[in-house]
Amino acid sequence: MIPEKLLEILKQDGVVAIATLGEDGAHLVNTWNSYIRISQDGRVLIPAGYMHRTEANIAFNPEVLITAGSSKVQGLHGPGAGFLIKGRAAFISSGPDFDQLKSKFSWLRATLAVTPDTVTQTW
């Protein structure tokens, strides 16, 4: 289940970090809060234009860490809220999840779909 506070964050300007682990070690890539969509079943859908190393890492190890935050959303201790999502990811290049994002982001080559195991507010 995606908390309402995280949905509020995703409506704000901000950077999302996506961490993966491959044969060559850790890798980090960024996207924008506003690019993220949540599927009806609670998966995090992210448009991928490049993300080639991220894709290779996920083929090796599907576990991902994602952080998202905004200074404009009330957090646990004042202004600013952030979340850590731990989950398993896959790249999708056809089907409804791909089509949904392709209609919004003409440049995408795949959809990064993340099934969250945990979603934790960190600040």
Side-chain angles (χ1 to χ4, degrees):
M1 180 77 181
I2 303 296
E4 287 298 320
K5 180 88 50 183
L6 178 53
L7 296 175
E8 189 179 343
I9 286 169
L10 295 178
K11 293 176 185 174
Q12 307 298 320
D13 289 336
V15 177
V16 173
I18 305 161
T20 57
L21 184 62
E23 292 183 82
D24 297 332
H27 177 67
L28 194 63
V29 68
N30 294 313
T31 192
W32 299 109
N33 285 357
S34 62
Y35 284 8
I36 297 196
R37 302 294 187 266
I38 305 298
S39 70
Q40 288 186 351
D41 61 358
R43 288 174 301 125
V44 178
L45 304 178
I46 303 168
Y50 293 99
M51 296 192 190
H52 297 289
R53 182 156 177 204
T54 301
E55 185 172 18
N57 285 358
I58 286 171
F60 175 77
N61 176 358
E63 295 177 7
V64 297
L65 298 175
I66 299 174
T67 61
S70 173
S71 63
K72 297 176 181 159
V73 175
Q74 183 67 27
L76 295 172
H77 307 288
F83 279 83
L84 171 64
I85 301 168
K86 295 181 182 182
R88 300 178 79 67
F91 274 78
I92 300 169
S93 57
S94 64
D97 293 331
F98 174 82
D99 294 341
Q100 175 190 355
L101 290 190
K102 185 69 171 176
S103 70
K104 306 251 188 287
F105 307 102
S106 61
W107 47 262
L108 88 109
R109 67 172 186 85
T111 294
L112 173 56
V114 179
T115 302
D117 293 324
T118 62
V119 178
T120 307
Q121 188 170 353
T122 56
W123 45 284

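Since we're looking at a predicted model, the values are computed, not measured. All residue numbers refer to positions in the sequence shown, counting from 1.
In this structure, Trp107 and Ala48 approach most closely via the heavy-atom pair CZ3-C, 4.1 Å. For Gly22 against Asn57, the heavy-atom pair with the smallest separation is CA-OD1, 3.2 Å. Nearest heavy atoms, Phe91 versus Glu55: CE1-CA, 3.3 Å. For the pair Val119 and Pro116, the tightest heavy-atom approach, listed with the atom from each and the gap, is CG2-CB, 3.8 Å. When all heavy atoms are compared, the tightest approach of Val15 to Trp32 is CG2-CZ3, 3.6 Å. Of all heavy-atom pairs between Leu108 and Pro47, the closest is CB-CB, 4.2 Å.
Two residues are said to be in side-chain contact when any heavy atoms from C-beta on lie closer than 4.5 Å; Lys72 and Lys11 fail this criterion. Between Ile46 and Ile66 the shortest side-chain heavy-atom distance falls below 4.5 Å. Using a 4.5 Å heavy-atom threshold, the side chains of Ile58 and Leu112 count as touching. Annotation: side chain of Arg53 is not in contact with side chain of Val29 (no heavy-atom distance under 4.5 Å). Considering only heavy atoms from C-beta on, Leu6 comes within 4.5 Å of Leu10 through its side chain.
Going from atom CZ of Phe83 over to atom OG1 of Thr120 covers 8.5 Å, rounded to the nearest 0.5 Å. Taking CD of Gln100 as the start and CD1 of Ile92 as the end, the distance is 10.5 Å to the nearest 0.5 Å. Here Met51 contributes atom CE and Thr31 contributes atom OG1; the two are 5.0 Å apart, rounded to the nearest 0.5 Å. Atom CD in Glu63 sits 8.5 Å away from atom CG in Leu21 (nearest 0.5 Å). Rounded to the nearest 0.5 Å, atoms CG (Leu65) and CG (Leu84) are 6.0 Å apart. To the nearest 0.5 angstrom, Thr115 atom OG1 is 11.5 Å from Ile85 atom CD1.
Ile9 and Leu7 fall within the same hydrophobic cluster, defined by Ile, Leu, Val, Met, Phe, Trp and Tyr side-chain heavy atoms under 4.5 Å apart, directly or through other members. One hydrophobic cluster holds both Phe98 and Phe105 under the rule that ILVMFWY side chains link at heavy-atom gaps under 4.5 Å.
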Open item on the list: Could you go through Val44 and Ile38, starting from their C-alpha distance and side-chain angles, then the distance that decides it, and tell me whether this counts as side chain to side chain contact (heavy atoms under 4.5 Å, CB included)?
Closed with: CA-CA 5 Å; Val44 178; Ile38 305 298; 4.0 Å; yes
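By the neighbour-count criterion of 12 heavy atoms within 6.0 Å, atom CG of Asp13 is sparsely surrounded, having that number or fewer from other residues, nucleotides or ligands. Atom CH2 of Trp123 is surrounded by more than 12 heavy atoms from other residues, nucleotides or ligands within 6.0 Å. Applying the 6.0 Å contact sphere to NZ of Lys5 captures more than 12 heavy atoms from other residues, nucleotides or ligands.
Without hydrogens or angle criteria, Arg37 side chain to Ser34 main chain gives a donor-acceptor distance under 3.5 Å. No donor-acceptor pair closer than 3.5 Å links the side chain of Asp97 to the backbone N or O of Leu45.
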